[in-house]
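These numbers come from the heavy atoms of this one structure, side chains and all, not from hydrogens, waters or symmetry mates.
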Amino acid sequence: MAKEKKLVEQITSMDVDFAQWYTDVCKKAELMDYSSVKGCMIFRPYGYAIWENIQRDLDARFKELGHENVYMPMFIPESLLQREKDHVEGFAPECAWVTIGGQNKLSEKLCVRPTSETLFCEHFKNVIHSYRDLPKLYNQWCSVVRWEKTTRPFLRTSEFLWQEGHTMHETAEEARNETLTMLKVYEDFYRDSLAIPAITGRKTDKEKFAGAEETYTIEPMMHNGVALQGGTTHYFGDGFARAFDITFAGRDNTVKYPHQTSWGVSTRMIGAIIMTHGDDNGLILPPAIAPIQLAIIPVAQHKEGVLEKADELKRLLAKSFRVKLDDSDQSTGWKFSQYEMKGVPVRLEIGPRGVESGNCVLVSRVSREKNFVSMDNLEAEVEKMLKFVHDELVNRARVNLSEKTVFMDDYAFADCISLESIELHQSLVTISSNTFHHCTALKEITLPDSLTNLEPAAFSECTALKTVKLSANLQSLPEKCFYGCTALTDVTFPSVLTAIGDSAFGQCRSLTAAALPDTVETIGLYAFSDCTALRDVTFPAALQTLGTSAFQNCESLKSAHLSDSLESIGYHVFSGCSELESASLPDTITIIPKGLFEN
């Protein structure tokens with residue numbers, strides 16, 4: 001970010017102390033104040049107006065998809081909360097409890113809601129009876145309480161405002177689609193309304209929401225290089241439905257459990273706006289959610305006609321924009337600094353010369369350049385500048401995201417000889433060449449279903465690797481991907497696999513079986529060569545090409561019956577298979593290749 005003249009000296013520079021800069025902006029921009037209740041904050045009018053604009057935008061998006069707003073009680077009986085074991089264990093350390101009502105001790109403790117899954121489930125049990133009652137698409141705007149040890153305005157407070165969507169569906173497929181649809185809603189809102197491009201993906205099992213089967217997250221990048229969890233969506237399966245005995249009569253007249261989701265974003269988004277767009281002069285607000293989109297500043301307002309013209313412009317522009325006319329007796333310079341600090345996207349300056357010439361000055365918060373425009377076309381000029389501010393904020397945020405995101409490059413973990421296990425992110429798409437080459441202590445690996453691209457030698461010479469579960473969406477295995485994994489005994493192949501590359505499993509001397517799916521069309525050169533313990537191979541029905549020496553020196557292999565789809569077979573494919581007892585070739589192979597069954 002280019003260094004510019006600092007207009008607000010009371011705000012610490014972010015390069016000096018980022019945390020203090022953030023706090024200074026929150027206070028000086030009049031977004032919040034501290035409360036006597038530890039861990040809680042007061043929303044000042046300007047801060048709450050931002051939240052209202054966020055609410056209005058998101059609420060419209062939800063309703064367009066058929067969601068309805070409801071409101072649940074803020075108290076949860078202890079017995080109700082404990083109905084779902086994983087859920088209560090996940091939230092127990094953060095719960096606030098009510099034990100006295102008035103002057104009487106309560107017969108049962110009440111939890112101040114940290115989230116509302118259990119309350120919704122209690123209600124769903126009463127209103128869902130048939131597949132005709134589904135789906136239930138509910139949303140709630142409310143506050144929740146989580147007793148935090150360390151707090152910071154908007155980012156983490158003991159009480160915070162949010163929306164929580166809760167839906168029930170007839171099938172798992174519908175619920176999973178809802179989970180991903182709402183993640184996309186959040187992604188679009190962040191980009192189109194908050195001017196923040198963000199990364200979305202699935203969380204690891206250790207990070208997922210208490211009680212969920214799958215949790216997805218949206219994470220924007222802050223100025224300081226920290227990714228902020230900006231919202232989550234969750235697929236619960238039928239776990240809560242079973243715990244609360246929520247059933248319905250299916251289309252086939254059998255009793256079924258519905259599948260559930262939840263999803264939410266909170267006032268943490270205001271913190272994301274501050275830390276993504278703000279600068280050393282304060283806030284920079286995206287036009288879509290700015291309480292004031294245009295601040296009109298009269299210059300030399302004591303002179304004849306200036307205030308009258310400013311008021312005329314306000315009445316004109318207020319039909320299309322959120323406008324503030326500052327006709328206070330503060331100095332013009334103070335007003336410029338004040339609205340810069342409060343992040344108002346566009347400032348309009350009108351003075352005596354402008355009144356005479358029919359021109360005024362527009363200044364954008366992102367460039368701070370003065371633009372002289374005619375008042376005859378003012379509405380279009382303001383609209384144009386607001387779009388410029390949004391686009392510039394998106395571009396800046398995208399550059400920041402790109403510069404501060406590190407990708408897993410070739411040899412990223414190569415020769416990490418003490419690495420025994422690793423949990424790969426559930427949104428990982430590519431593992432590059434030699435990423436885990438020669439990680440000699442790595443014992444097992446599960447490749448996430450998001451993975452669609454595995455590059456050559458990714459796990460070559462991982463000599464302690466015993467178990468591999470390949471991604472369900474992986475269609476090809478590259479050359480030498482598991483070459484030299486001499487301890488490998490168990491491989492789970494995906495049902496969509498079509499190709500196995502050259503030497504993919506070469507010298508995997510402990511591998512005893514290869515249950516290849518029928519979709520595999522190509523097995524490359526030396527693909528399983530020197531797999532001396534390999535006894536059982538399921539040859540695919542779709543196999544068309546079998547490369548040279550593909551199973552060479554597989555000394556324990558007992559049989560090799562190839563399908564009728566085979567069109568090409570290389571030299572020495574089964575040479576050195578000394579215990580091979582039976583084999584058959586399809587009629588399509590009319591010439592026996594050299595050394596096919598040698599030794």
Distance-only criterion, 3.5 Å: show the donor-acceptor pairs between side-chain atoms of residues 550-561 and protein atoms not counting sequence neighbours.
residue: Gln552; atom: OE1; partner: Ser549; partner atom: OG; Å: 3.4
residue: Gln552; atom: NE2; partner: Ser575; partner atom: OG; Å: 3.1
residue: Asn553; atom: ND2; partner: Asp530; partner atom: OD1; Å: 3.1
residue: Ser556; atom: OG; partner: Thr532; partner atom: O; Å: 2.7
residue: Lys558; atom: NZ; partner: Glu579; partner atom: OE1; Å: 2.8
residue: His561; atom: ND1; partner: Ser584; partner atom: OG; Å: 2.8
residue: His561; atom: NE2; partner: Ser582; partner atom: OG; Å: 3.1

Any donor-acceptor N or O pair under 3.5 Å, side chains Asp252, Thr254: yes
Q) Does a donor on one side chain and an acceptor on the other come within less than 3.5 Å for Thr115 and Glu117? A) yes
Shortest non-hydrogen pair, Tyr190 vs Gly230, comes out as OH-O, 2.8 Å
**Study point:** Phe248-Tyr131 aromatic ring centre distance below 6.0 Å
**Key:** no
query: Are any of the side-chain nitrogens in Glu170 or Arg251 under 4.0 Å away from the carboxylate oxygens of its partner?
result: yes
**Asked** For Thr498, does its backbone N or O pair with a side-chain atom of Thr519 as donor and acceptor, under 3.5 Å?
**Response** no
By ring pair (Phe, Tyr, Trp, His ring centres under 6.0 Å), Tyr571 pairs with (sequence neighbours left out) none
- Task: Carefully, step by step, assess Lys63 and Asn69 under the rule side chain to side chain contact (heavy atoms under 4.5 Å, CB included).
- Result: CA-CA 8 Å; Lys63 287 175 179 173; Asn69 285 335; 3.6 Å; yes
| How are the rings of Phe236 and His234 set to each other: parallel, tilted or perpendicular (split at 30° and 60°)? | tilted
**Study point:** Donor-acceptor side-chain pairing of Tyr138 and Gln140 below 3.5 angstrom
**Key:** no
Query - Test item: Asp518 side-chain N/O and Ala542 main-chain N/O as donor-acceptor pair under 3.5 Å - result: no
Worksheet item: Is there a side chain to side chain contact (heavy atoms under 4.5 Å, CB included) between Arg268 and Gln229 once you walk through the steps?
Response: CA-CA 9 Å; Arg268 179 178 286 186; Gln229 180 176 287; 3.9 Å; yes
Can we call the ring centroids of Phe493 and Phe505 under 6.0 Å apart?
-> yes
* Look at Arg242 together with Asp245 and state whether they make a salt bridge at an N to O cut-off of under 4.0 Å. => no
Discussion item. For the backbone of Thr545 and the side chain of Thr522, can you confirm whether one donor and one acceptor N or O come within less than 3.5 Å of each other?
Written reply: no
Margin query: Whether the Glu164 and Ser116 side chains hold a donor-acceptor pair (N or O, under 3.5 Å, no angle test) is what I'd like checked.
Written below: yes
For this session: Give me the ring orientation class for Trp162 and Phe160: parallel if the planes are under 30° apart, tilted from 30 to 60°, perpendicular past 60°.
Result: perpendicular
Distance-only donor-acceptor pairs under 3.5 Å for side chains of residues 482-489, two or more places apart:
residue: Tyr483; atom: OH; partner: Gln507; partner atom: NE2; Å: 2.8
residue: Thr489; atom: OG1; partner: Lys466; partner atom: O; Å: 3.3

Is it the case that the side chain of Tyr186 and the backbone of Gly264 share a donor-acceptor pair, with hydrogens and angles ignored and the cut-off at 3.5 Å? yes
Exercise. Anything under 30° is parallel, anything over 60° is perpendicular, the rest tilted; go ahead and classify His67 against Trp263.
Key: perpendicular
Indicate whether any N or O donor in one side chain lies under 3.5 Å from an N or O acceptor in the other, for His166 and Ser262.
-> no
Return yes if some donor-acceptor pair links the side-chain N/O of Glu455 with the main-chain N/O of Ser433 below 3.5 Å, else return no.
-> yes
- Please work out which of the three classes, parallel, tilted or perpendicular, describes the rings of Phe574 and Phe539, given edges at 30° and 60°. perpendicular
